[in-house]
Structures are given as C-alpha cells and as structure tokens.
Amino acid sequence: MNEQKFSLQPFPSNNLLPNVQITGNIARNDHQLTITYNLCGDLTEIIIASPSDTPTRKDELWQDTCFEFFVGMKDSQQYWEFNLSPAGHWNLYRFAGYRQGMQAETAFTVLPFSVEHQDEIFTLNLDVDLAKIVLSEQAIDVAITTVIKQKNHQMSYWALANTGAEADFHLRDSFLIRL
C-alpha cells in the first residue's frame with residue numbers, strides 16, 4: 001500500500017482567511033483509493049452543510065465548502081475531478097485535457113464517503129474503487145484541494161500547491177502526489 005500524508009495551503013488572497021488547517025492522508029492499495037480530510041481549528045466561521053437524508057449527485061458543489069481531489073493518469077492529459085460536499089452530495093467529472101471536454105463520469109452511481117463533525121474538527125473519509133476508470137497497475141497523479149466558504153460569504157481555496165497566478169485546481173503541475 002502506498003500512503004502519504006498531506007497538508008493544504010490557502011491560495012494567497014486579500015480576504016481574511018479562516019483560522020483552520022486542512023490535513024489528511026491518501027492511500028492506494030491496488031485499485032482501492034482511500035482519502036481522509038481533517039479540517040481543524042475555528043470552524044464557527046465556516047459554512048459546513050449539515051448531512052442530507054438523501055445525498056445525491058449534484059453540480060456546482062464548489063460554490064460552498066467542498067472537498068475535492070483530481071486524479072490524472074501518468075503520461076496522459078485525461079483526468080477526473082471528484083467533488084464531495086459535507087452534506088453527502090457528490091459529483092465526478094471526466095476531462096479530456098486541461099479544462100477540456102468536461103463530462104459527468106457515469107462509471108460511478110455513488111461515492112461512498114462518511115463525515116464526522118465535532119466542535120473543532122470536521123473529518124471526511126472516502127474509500128473508492130478506481131477499477132472502473134483506472135487499471136490497478138496504472139500510476140496516477142493526484143491533486144488534493146478544498147474550497148472553504150465562510151459565514152461572511154468569502155471563499156478560500158486550498159491545495160497541495162498553488163502554482164498559478166489565480167486559484168486553479170486543474171493545473172496539472174499541482175497534481176503532486178504519485179500513487
């Protein structure tokens with residue numbers, strides 16, 4: 001099993017950033033991918049959606065607090081964007097190249113993740129079988145990101161690295177984890 005810890009950095013902004021840290025770990029065992037996000041700190045200023053009784057696939061989850069990651073195959077322009085809402089809603093998109101040919105990835109009808117919300121820590125765990133989209137021997141490059149929406153409606157964008165002039169999670173040089 002290949003496991004790595006991560007810590008996300010906020011994209012520089014004139015907005016007052018929330019007093020939080022986003023850490024976690026990601027692991028791949030054959031075609032099984034496991035990722036855990038830990039959002040720690042002063043969560044009182046952050047909008048974290050309550051769990052939905054009927055979580056579904058939804059678009060534009062990134063307009064609110066949303067945990068995301070991107071999976072690209074080594075030596076290929078193709079990649080996938082996974083969006084996970086604290087409410088349990090989710091989406092998965094496939095791209096042919098940088099922001100090109102976006103389509104809903106229909107190989108998945110559900111993304112199995114759980115959330116736990118305490119006073120100063122919010123945890124999200126996802127365990128997903130990538131066999132539907134990636135061969136088990138195929139090396140993948142991963143970008144891990146989070147969008148945070150504060151109660152004052154300011155947004156902050158967090159990633160392993162912020163490599164562009166603007167917050168852009170799709171930049172391939174920010175896919176820093178190799179699994």
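Hydrogens, waters and symmetry mates are skipped; everything else that's a heavy atom, side chains included, is used.
At least one donor-acceptor pair closer than 3.5 Å links the side chain of Asp168 to the backbone N or O of His170.
Side-chain contact check for Pro112 versus Leu126: some heavy-atom pair is nearer than 4.5 Å. Residues Leu124 and Thr36 fail the side-chain proximity criterion, which asks for heavy atoms closer than 4.5 Å. Side chains of Val71 and Leu179 form no contact here, defined as non-hydrogen atoms less than 4.5 Å apart. Under the 4.5 Å side-chain criterion, counting only non-hydrogen atoms from C-beta, His117 is in contact with Leu43. Put simply, the side chain of Phe6 does not reach to within 4.5 Å of the side chain of Thr23, judged on heavy atoms. When side chains are defined from C-beta on, Phe169 counts as touching Phe70, because their heavy atoms get closer than 4.5 Å.
Here the rule is ring pair (Phe, Tyr, Trp, His ring centres under 6.0 Å) with Phe67, and of Phe82, Phe122, Phe113 only Phe122 fits it.
In the hydrophobic clustering of this structure, Val115 does not group with Trp62; members are Ile, Leu, Val, Met, Phe, Trp, Tyr whose side-chain heavy atoms approach within less than 4.5 Å, directly or through other members.
Side-chain atoms of Tyr37 and Asn25 form no donor-acceptor pair, as typed in the model, at a separation below 3.5 Å. Between the side chains of Asp127 and Gln32, a donor-acceptor pair is found at a separation under 3.5 Å. In this structure, a donor-acceptor pair under 3.5 Å is present between the side chains of Glu116 and Gln118. Under 3.5 Å, the side chains of Arg57 and Asn91 contain a donor-acceptor pair of N or O atoms.
Not counting sequence neighbours, Arg172 has no partner by the salt bridge (charged side-chain N to carboxylate O under 4.0 Å, His left out) test.
Between Pro86 and Ala49 the shortest heavy-atom distance is CB-O, 3.6 Å. Trp158 approaches Leu8 most closely through the heavy-atom pair CE3-O, 3.6 Å. Closest non-hydrogen pair, Val142 versus Ile26, comes out as CG1-CD1, 3.8 Å.
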